[in-house]
Amino acid sequence: MEQLAFCPSRESHCMSAIRHALSIKREDDFAKWYQEVISAADMAEESGVRGCMVIKPWGFGIWERMQRLLDDRIKAAGVQNAYFPLFIPLANFEREAAHVEGFAKEMAVVTHHRLIADGDGGLIPDPEAKLEEPLVVRPTSETIIGDAMSRWVQSWRDLPLKLNQWANVVRWEMRTRMFLRTSEFLWQEGHTAHADEAEARVETMRALEMYRAFAEEDAAIPVIAGEKPENERFPGARETWSIEAMMQDGKALQAGTSHYLGTSFAEAANIRYQNREGGQELCHTVSWGMSTRMVGGLIMTHGDDDGLRVPPALAPFQIVILPMLRGKPEDAALLDYCEGLHAGLAGQSALGEPLRVLLDTRPGKAAGKRWDWVRKGAPIILEVGSRDMENGVVSMLRRDALWNAETGKPAFQNPARETAIDTISSILSDMQSGLFAEARERRDANITREIDNMEGLAEFFGEDRRYPGWAEVQWSKPTGEGLKAVEEQLKALKLTFRNVPMNTPPADGTCIFTGAPAVERIYVARAY
RNA sequence: CGGGGAGUGGCGCAGCCUGGUAGCGCAUCUGUUUUGGGAACAGAGGGUCGCAGGUUCGAAUCCUGUCUCCCCGACCA
């Protein structure tokens, strides 16, 4: 049983009176709760193929919103979208040694191009149709995009070259979890080539800042941006930077990364340009990515005991109108009233975009449908019955303030229809910032900066408080064997380094691992 | 990939030890009565018990293999 880092206490004093929409509470079994949210919110399901999932419309709709908002940010940075092949020639992949080493263990390989009958009613790969050179299914595209870049970059005038692709990738994971670690996942990968190191580093940091802004402003997920230590770097990278988010069980989730690759990938793929003086120079390359893992982060950041709560910026539908139809002639007038509401809302905008409103007229009881939308996490539900119509009001339910603590019942408000139309935009804005503030408060309450020795660390992450959050500690940043020894110390406590946060005060103490003078501060946590 | 657990209608489970061709709750459908709210009652539909072999007169149940999922570990941009 995992202990929560922080339990919202808003409804705790009357918990018994509230009948939650899920059967499992976060505090009782966080892993099981996570799975129940995914199925109860109808986001995804198992596919029968190991580590692969079917993303259903509501889950994919959230991903599409993420794509849209991040894509806007990517394009605003002058990056162009393109698409590169799923299959990568093995030889192409072999060129960067550290990169190969990092991915070889989890690669899917295509070896045949035809099937034949096995004589027993089944099909087998045709031995006659073996590929001369096997193709690997991309686990990431540095190599194949580098190959293209080597052709596209000739002169300093071609630089910088900034590309991005939205694609699926495959990594043969040993242990999978829906959205968080699947064998196949969806992501975007940005790949840029630059004339020099300084410009490449600027791009590395630009992408990192873009992810921070996306996570915090669009997904309402507070993150810590920083540099990964040597042992957590992307295979082949000179530097790896990440944004790290704290989940409601206190574990860390890496939610986006940006890598300064130096010239090693340019060397491997021969990405060179002629400089102003006529000499040949290697490009400095950068890559950065964010994936469907972010959807998992969204669930574990904003979900509650009634299901998912989708921040308005990411909600496929921000407002769901539920007419309380009775299968009687009066329904026509009620529908008319709801269509007026729908039309009024459709003319509004929130968070810089037109409102996304659904008038849900599917057959079925309004009350039953209400709980479906609560579990899915639609930000605002507007139930409209005949009495609402007579009074010119609507019954409004905010997903971020679902319960009336006094009564233990859903906290309906009853604004006039026109008032609802006029104020809903600001309610959505409030909800967006409110979800972020709630998550940030929870995270900040579960970070400690007080630990200055290993005993303290062991105690902080002790068994009686299994997931207490993160510790920011000072360390001497050893490398090679020294770093390996520190990793062993962490492993014994089931901990990992997360990142070295930006903009923190300089180190002024001793390294909790080695006792040597510390050179920087680094986050330590359990992680997904 | 190692250790443990599990796969039975859409979801959650019982049955398995002690083989005799499947049951419960929720959901769904129909009808009636209700109706400001997660309705009640009655009836109905839906499962070759993950898959493949084997033992047996007979397998959800016993045996073998295999696939998938969950937990712990190893691994993991």
Side-chain angles (χ1 to χ4, degrees), chain A residues 1-2 18-24 29-32 34-36 38-40 42 45-53 96 98-107 120-122 138-142 169-178 180-183 185 187 189 228 231-237 240-242 254-259 261 287-291 293 306 322-328 330 334 363-375 381 383-391 393-395 397 402-403 408-410 412 414 466 491-492 494 496 527-528:
Chain A
M1 184 145 102
E2 296 179 359
I18 291 177
R19 184 178 154 204
H20 285 287
L22 297 184
S23 64
I24 299 163
D29 189 335
F30 195 76
K32 212 167 174 188
Y34 175 76
Q35 285 161 204
E36 190 180 3
I38 290 170
S39 70
D42 211 24
E45 63 181 26
E46 297 296 341
S47 67
V49 178
R50 184 184 174 79
C52 297
M53 62 177 176
E96 217 290 332
H99 192 59
V100 178
E101 165 124 31
F103 283 106
K105 300 182 288 287
E106 51 184 46
M107 203 85 81
D120 203 23
R138 66 176 164 229
T140 178
S141 304
E142 274 75 7
V169 289
V170 169
R171 299 177 187 179
W172 215 259
E173 299 289 350
M174 287 295 112
R175 190 174 172 188
T176 60
R177 302 191 70 180
M178 285 223 190
L180 296 176
R181 179 174 285 110
T182 45
S183 296
F185 57 93
W187 75 345
E189 44 180 325
K228 287 290 201 184
N231 62 310
E232 299 277 350
R233 266 182 215 146
F234 176 71
T240 287
W241 297 73
S242 73
Q254 179 176 308
T257 50
S258 184
H259 315 288
L261 302 173
S287 69
W288 30 275
M290 188 215 71
S291 73
R293 174 176 247 210
D306 297 293
L322 292 178
M324 302 182 66
L325 303 172
R326 297 234 169 97
K328 292 182 177 166
E330 303 89 271
L334 185 59
K365 299 232 164 199
K369 292 198 292 184
R370 169 168 88 224
W371 292 106
D372 286 345
W373 287 110
V374 164
R375 283 185 284 261
I381 295 169
E383 287 189 23
V384 185
S386 54
R387 194 172 303 164
D388 293 315
M389 179 171 62
E390 283 160 28
N391 298 334
V393 303
V394 299
S395 292
L397 196 54
L402 196 56
W403 299 104
K409 297 204 159 124
F412 282 106
N414 293 285
R466 282 175 66 198
K491 195 182 274 184
K494 299 181 191 172
T496 58
Y528 280 100

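A, B, ... follow the sequence lines: proteins, then strands. Residue 1 opens every chain.
Note on A/Gly51: only backbone sugar-phosphate atoms sit closer than 4.0 angstrom, heavy atoms only; bases stay farther off. Using a 4.0 Å heavy-atom distance criterion, A/Ser39 is classed as making no nucleic acid contact. The residue A/Thr140 sits apart from the nucleic acid: no heavy atom pair falls under 4.0 Å.
The P atoms of B/rG23 and B/rG15 are separated by 16 Å, rounded to the nearest whole Å. Rounded to whole Å, the C1' atom of B/rU21 lies 25 Å from the corresponding atom of B/rG65. Nucleotides B/rU48 and B/rA44 are separated by 22 Å at their C1' atoms, to the nearest Å. Using C1' as the reference atom, B/rA52 and B/rA59 are 15 Å apart when rounded to the nearest Å. Separation of the C1' atoms belonging to B/rC69 and B/rG43 is 37 Å when rounded to the nearest angstrom. Taking the P atom of each, B/rG25 and B/rC41 are spaced 11 Å apart, rounded to whole Å. Rounded to the nearest Å, the gap between the P atom of B/rU30 and that of B/rG73 is 50 Å. Taking atom C1' in both B/rA6 and B/rC49, one finds a spacing of 14 Å when rounded to whole Å.
Side-chain atoms of A/Ser395 and base atoms of B/rG37 include no donor and acceptor less than 3.5 Å apart.
The nucleotide B/rU64 finds its pairing partner in B/rA52, both defining distances of the Watson-Crick or G-U wobble pair being shorter than 3.5 Å. When both pairing distances are held under 3.5 Å, B/rC26 makes a Watson-Crick or G-U pair with B/rG10. B/rG45 is unpaired under the criterion used here, namely a Watson-Crick or G-U wobble arrangement in which both key atom distances are under 3.5 Å. Pair assignment for B/rC1: B/rG73, on the basis of Watson-Crick or G-U wobble contacts that are both within less than 3.5 Å. With both pairing distances under 3.5 Å, B/rU34 is matched to nothing as a Watson-Crick or G-U wobble pair. B/rG58: no Watson-Crick or G-U partner with both key distances under 3.5 Å is found in any strand. Summarising the base pairing, B/rC16 is matched to no nucleotide, lacking a Watson-Crick or G-U wobble pair whose two defining distances lie under 3.5 Å.
Put simply, the side chain of A/Met53 does not reach to within 4.5 Å of the side chain of A/Glu46, judged on heavy atoms. Side-chain contact check for A/Val384 versus A/Ser395: every heavy-atom pair is 4.5 Å or farther apart. Using a 4.5 Å cut-off on side-chain heavy atoms (C-beta onward), A/Phe234 and A/Thr257 make no contact.
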Between the protein and nucleotides 39-42 of chain B, are there any N/O to N/O pairs under 3.5 Å, and if so, what are the atom names and distances?
residue: B/rA39; atom: N7; partner: A/Lys365; partner atom: NZ; Å: 2.7

Protein-nucleotides 1-9 of chain B N/O pairs closer than 3.5 Å?
residue: B/rC1; atom: N4; partner: A/Met174; partner atom: O; Å: 3.4

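Of the candidates B/rG37, B/rC13, B/rC75, B/rC13 carries the atom nearest the A/Lys32 side chain, counting heavy atoms from C-beta on. Listed candidates were B/rU35, B/rG36, B/rC76. Nearest to the side chain of A/Arg181 is B/rC76. Comparing atom distances between the A/Lys491 side chain and each of B/rA74, B/rC76, B/rU35 picks out B/rA74 as nearest. Minimum atom distance to the side chain of A/Arg177 is reached by B/rC71, of the listed B/rC70, B/rC71, B/rG36. Distances were taken from every side-chain heavy atom of A/Glu173 (C-beta onward) to each of B/rG36, B/rC76, B/rU35; the shortest belongs to B/rC76.
Between A/Ser39 and A/Glu45, the side chains place no donor N or O within less than 3.5 Å of an acceptor N or O (distance only, hydrogens not considered). In this model, no donor atom of one side chain and acceptor atom of the other lie less than 3.5 Å apart for A/Gln254 and A/Ser242. Between A/His259 and A/Thr240, the side chains place a donor N or O and an acceptor N or O closer than 3.5 Å (distance only, hydrogens not considered).
Between A/His20 and A/Trp403, the ring planes are perpendicular. Angles over 60° get that label, and only those under 30° would be called parallel.
With the nearest nucleotide of RNA chain B identified for both A/Val384 and A/Val49, A/Val384 has the one nearer the 5' end. Mapping A/Asp388 and A/Glu232 onto RNA chain B by nearest heavy atom places A/Asp388 at the nucleotide closer to the 5' end.
Atom NZ in A/Lys494 sits roughly 12 Å away from atom C1' in B/rC71 (whole-Å rounding). Put simply, NZ on A/Lys105 is 12 Å from C1' on B/rA74, counting in whole angstrom units. Summarising the geometry, the separation between CG on A/Asn414 and P on B/rG36 is reported as 14 Å, rounded to the nearest angstrom. Atom-to-atom, CD of A/Gln35 to P of B/rC11 comes out at 14 Å; the value is rounded to the nearest Å. Protein atom CG of A/Leu322 is 17 Å distant from nucleotide atom P of B/rG36, rounded to whole Å. The CG atom of A/Asp372 sits 12 Å away from the P atom of B/rA27 (whole-angstrom rounding). Nucleotide B/rU35 holds its C1' atom 14 Å from the CD atom of A/Glu383, rounded to whole Å.
Expressed to the nearest 0.5 Å, how far CD of A/Glu383 lies from CZ of A/Phe412 amounts to 4.0 Å.
Atom CH2 of A/Trp371 is surrounded by more than 12 heavy atoms from other residues, nucleotides or ligands within 6.0 Å.
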